Amino acid sequence: MKWALVILLAFTQSVFAAEVVDVAHDTRFSPAVANAGMTDAPAFANYGVFLSEPVSRDKEVVVFVHGANASPRDFLDIAGRLDHTRQQAWFVYYASGNPVAYSGQRLAYDIVKLARENGISHIRVVAHSLGGLVAWHIVKTVEDALTVDNFVTIATPFDGNWAAPWGTYLAPHPAASWHDLTPGSDTLQAMWKDKLKAPHTLVYVTTVADDLNASDGTISRESQLEPAIEQSAAHVVKLVGTHVAVLHDPQDVAVIASLIDKP
């Protein structure tokens, strides 16, 4: 992994420049475009890193990784809680229908190039849902080039989703990521067996605080707390809410924002 990253960076002659964007209003981040990243991944033209402000080498970088059928807009509330005197938000965008390893490694190259060109050596990574699987591959790919001070995942299906096999069997053109999301898939098993250097803050979400069988309305508690991943996490935090609402509820947003600064 390390040498693949070094070789790709060495042979990339063009200077990579990420774009400063208005995530809230730029139409590239609309639900229609985000959904097309799942249904027609090969046609998705928006892969990359997008910035909330010009890069500053004096500010800590927080990389946000969205989930399936989603875009950087999902993180506007959490990114808004950063201390912008010392932190800057980098939003990655990818086609959620592609294999998670492909998306993660492709985005990792862009992150490392941008960081190196701006004298940045440390990042933090925050991810939601399927984005946690993509972000796992980002972190694994960059960790020999950058220091990842904290890796926060929120409601991530570390053992997939029960509905994914039905999608792969019944859909005429199933998304490649559905294969990754099949419980016990080769992709997931490889993640369980491997370890990251970065400290992992695992946030799981449940609709009922004291019900061990409650999901977050989308991802089961068991999948979010896959045993190998839970055991290797530095911190495990429970939020009561639903799968997407935790990204916008003020109380949950405050908790997640506070977790970003964990060592």
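Values in this document were obtained by computation on a predicted structure and should not be read as measured data.
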J.: Taking only residues two or more places apart in sequence or in another chain, which ones pass side chain to side chain donor-acceptor pair (under 3.5 Å) with Asp149?
T.: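 Side chain to side chain donor-acceptor pair (under 3.5 Å) list for Asp149, sorted by chain: His122.
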J.: Which residues pass the salt bridge (charged side-chain N to carboxylate O under 4.0 Å, His left out) test with Asp261, not counting sequence neighbours?
T.: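 Arg86.
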J.: Please list, chain by chain and in numerical order, all residues satisfying ring-ring contact (aromatic ring centres under 6.0 Å, His included) with Phe50, sequence neighbours excluded.
T.: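 Phe50 satisfies ring-ring contact (aromatic ring centres under 6.0 Å, His included) with Phe29 once adjacent residues are dropped.
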J.: Identify the two heavy atoms, one from Gly184 and one from Gln189, that lie closest to each other, and give their separation to 0.1 Å.
T.: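 What the structure gives for the nearest pair is O-NE2, 2.7 Å.
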J.: Flag yes if Val126 and Ile219 sit in one hydrophobic cluster, no otherwise; membership is Ile, Leu, Val, Met, Phe, Trp, Tyr, and two members link when side-chain heavy atoms are under 4.5 Å apart.
T.: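 The answer is no; the residues belong to distinct hydrophobic clusters.
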J.: Calculate, to the nearest 0.5 Å, the distance between atoms CH2 and CG belonging to Trp192 and Leu188 respectively.
T.: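 Here the interatomic distance stands at 6.0 Å.
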J.: What are the two closest non-hydrogen atoms of Ser129 and Gly67, and how far apart are they?
T.: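 Shortest heavy-atom contact: CB-CA, 4.3 Å.
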J.: Under the side-chain contact (heavy atoms from CB on, under 4.5 Å) rule, collect the residues that match up with Asp77, sequence neighbours excluded.
T.: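 So Asp77 forms a side-chain contact (heavy atoms from CB on, under 4.5 Å) with His248, Val253.
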J.: Would you check, one step at a time, whether the test side chain to side chain contact (heavy atoms under 4.5 Å, CB included) holds for His179 with Thr187?
T.: CA-CA 9 Å; His179 294 281; Thr187 297; over 6 Å; no
J.: Are Val55 and Val20 connected in the hydrophobic side-chain network, where two residues link if heavy atoms are under 4.5 Å apart?
T.: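 Yes, it is one cluster - the side chains of Val55 and Val20 are joined through contacts under 4.5 Å.
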J.: State the CG-OG1 distance between Leu225 and Thr206, to the nearest 0.5 angstrom.
T.: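 Here the rounded value is 9.5 Å.
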J.: Would you say that Val236 contacts Val203 through its side chain, given a criterion of any heavy-atom pair below 4.5 Å between the two side chains?
T.: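 Not touching, per the 4.5 Å side-chain cut-off.
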J.: Which residue pairs pass the ring-ring contact (aromatic ring centres under 6.0 Å, His included) test with at least one member in residues 200-240, sequence neighbours excluded?
T.: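 Every pair satisfying ring-ring contact (aromatic ring centres under 6.0 Å, His included) with a residue in residues 200-240: Phe151-His200, Phe158-His200.
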J.: Would you call Thr218 and Val244 a side-chain contact if the rule is heavy atoms closer than 4.5 Å?
T.: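 Thr218 does not reach Val244 side chain to side chain.
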J.: Of all the heavy-atom pairs spanning Pro72 and Val23, show the shortest one and how long it is.
T.: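 Result for this residue pair: C-CG1, 3.7 Å.
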J.: Among all residues two or more places apart in sequence or in another chain, which pass the salt bridge (charged side-chain N to carboxylate O under 4.0 Å, His left out) test with Glu53?
T.: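 Partners of Glu53 under the salt bridge (charged side-chain N to carboxylate O under 4.0 Å, His left out) test: Lys59.
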J.: Heavy-atom distance under 4.5 Å between the side chains of Arg124 and Val61, does that happen here?
T.: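 Arg124 does not reach Val61 side chain to side chain.
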J.: Is it the case that the side chains of Asn98 and Tyr47 hold a donor-acceptor pair, with the cut-off being a distance below 3.5 Å and no angle test?
T.: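 Yes, a side-chain donor-acceptor pair sits under 3.5 Å.
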J.: Just wondering, do Leu107 and Val134 contact through their side chains at under 4.5 Å, heavy atoms?
T.: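 They are in contact (side-chain heavy atoms under 4.5 Å apart), so the answer is yes.
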J.: Can you check whether Leu133 reaches Leu181 side chain to side chain, under 4.5 Å on heavy atoms?
T.: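 Answer yes - side chains close enough.
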J.: Mind listing the closest non-hydrogen atom pair of Ala70 and Ala34 along with its distance?
T.: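 Closest approach of Ala70 to Ala34, heavy atoms only: O-CB, 3.3 Å.
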J.: Give, for atom CG of Asn46 and atom OG of Ser71, the distance between the pair rounded to the nearest 0.5 Å.
T.: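 Between atom CG of Asn46 and atom OG of Ser71 there are 10.0 Å.
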J.: Can you find a heavy atom in the side chain of Glu60 that is under 4.5 Å from one in the side chain of Gln88?
T.: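 No, too far: nothing below the 4.5 Å cut-off.
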J.: Just to verify, what does Ser96 make a side-chain contact (heavy atoms from CB on, under 4.5 Å) with, not counting sequence neighbours?
T.: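 With sequence neighbours excluded, Ser96 shows a side-chain contact (heavy atoms from CB on, under 4.5 Å) to Met38, Ala68, Tyr94, Leu130, given in chain and number order.
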J.: Return the CG to CG distance between Leu259 and Leu202, rounded to the nearest 0.5 Å.
T.: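 If we round to the nearest 0.5 Å, Leu259:CG and Leu202:CG are 11.0 Å apart.
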J.: Quick one: are Leu146 and Ile111 in side-chain contact, heavy atoms under 4.5 Å?
T.: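 In short, these two side chains touch, coming nearer than 4.5 Å.
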J.: Taking salt bridge (charged side-chain N to carboxylate O under 4.0 Å, His left out) as the definition, give me every residue that meets it alongside Lys195, ordered by chain and number, with sequence neighbours left out.
T.: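 Salt bridge (charged side-chain N to carboxylate O under 4.0 Å, His left out) check on Lys195 returns nothing, list empty.
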J.: Any heavy-atom pair between the side chains of Val142 and Ile123 that's under 4.5 Å?
T.: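 Yes, close enough: below the 4.5 Å cut-off.
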J.: Could you tell me whether a side-chain N or O of Thr147 sits under 3.5 Å from a main-chain N or O of Glu143, the two making a donor and an acceptor?
T.: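 Here the side-chain-to-backbone pair does not exist.
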J.: Do Asp159 and Ser223 have side-chain N/O donor and acceptor atoms under 3.5 Å apart?
T.: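 No pair is found: no donor N or O on one side chain lies under 3.5 Å from an acceptor on the other.
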J.: Using side-chain contact (heavy atoms from CB on, under 4.5 Å) as the criterion, list what pairs up with Ala32, not counting sequence neighbours.
T.: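 So Ala32 forms a side-chain contact (heavy atoms from CB on, under 4.5 Å) with Ser30.
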J.: Go through Asn213 and Arg221 one step at a time and tell me if the side chain to side chain contact (heavy atoms under 4.5 Å, CB included) criterion holds.
T.: CA-CA 7 Å; Asn213 296 314; Arg221 182 180 181 276; over 6 Å; no
J.: With ring centroids as reference points, do His66 and Phe75 lie under 6.0 angstrom apart?
T.: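 Not under 6.0 Å, so no.
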J.: Would you give the length of the straight line joining atom OG of Ser215 to atom CD of Gln224, rounded to the nearest 0.5 angstrom?
T.: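 So the OG of Ser215 and the CD of Gln224 are separated by 8.0 Å.
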J.: Once side-chain contact (heavy atoms from CB on, under 4.5 Å) is applied, do any residues pair with Ala89, and if so which ones, sequence neighbours excluded?
T.: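 In terms of side-chain contact (heavy atoms from CB on, under 4.5 Å), with neighbours along the sequence ignored, Ala89 is linked to Ser52, Phe64, Ala79, Leu82, Phe91.
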J.: State which residues pass ring-ring contact (aromatic ring centres under 6.0 Å, His included) with His128; sequence neighbours excluded, sorted by chain then number.
T.: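 With sequence neighbours excluded, His128 shows a ring-ring contact (aromatic ring centres under 6.0 Å, His included) to His243, given in chain and number order.
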J.: Name all residues meeting the salt bridge (charged side-chain N to carboxylate O under 4.0 Å, His left out) criterion together with Arg28; count only those two or more places apart in sequence or in a different chain, and write none if there are none.
T.: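 Scan of Arg28 (salt bridge (charged side-chain N to carboxylate O under 4.0 Å, His left out), adjacent residues dropped) gives Glu19, Asp26.
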J.: Among the clusters formed by ILVMFWY side chains lying less than 4.5 Å apart, do Leu247 and Val240 turn up in the same one?
T.: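 In one cluster: no.
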J.: Has Ser258 got a side-chain atom pairing as donor or acceptor with Val255's backbone, closer than 3.5 angstrom?
T.: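 Pair found, side chain donor or acceptor close to backbone of Val255.
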J.: Under the side chain to side chain contact (heavy atoms under 4.5 Å, CB included) criterion, do Met191 and His137 qualify, and how do the steps go?
T.: CA-CA 9 Å; Met191 293 171 59; His137 289 279; 4.1 Å; yes
J.: State whether the number of non-hydrogen atoms from other residues, nucleotides or ligands found under 6.0 Å of Asp186 atom CG is greater than 12.
T.: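 Check fails, neighbour count at 12 or below.
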J.: Which pair of non-hydrogen atoms, one from Val246 and one from Gly241, has the smallest distance, and what is that distance?
T.: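 Scanning both residues completely, I find the closest heavy atoms to be CG1-CA, 4.2 Å.
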J.: Once you round to the nearest 0.5 Å, how far does OG of Ser56 lie from NE2 of His84?
T.: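 Ser56 OG to His84 NE2: 13.5 Å, rounded to 0.5 Å.
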J.: Evaluate the criterion side chain to side chain contact (heavy atoms under 4.5 Å, CB included) for residue pair Asn150 and Val125; output intermediate values, then yes/no.
T.: CA-CA 6 Å; Asn150 195 10; Val125 179; over 6 Å; no
J.: Could you report the tightest heavy-atom contact between Ala155 and Val205, atom names first, then the distance?
T.: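 Closest pair (atom of Ala155, atom of Val205, distance): CB-CG2, 4.0 Å.
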J.: Distance-only, no hydrogens or angles: does the Gln87 side chain make a donor-acceptor pair with backbone N or O of Asp83 under 3.5 Å?
T.: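 Answer holds: yes.
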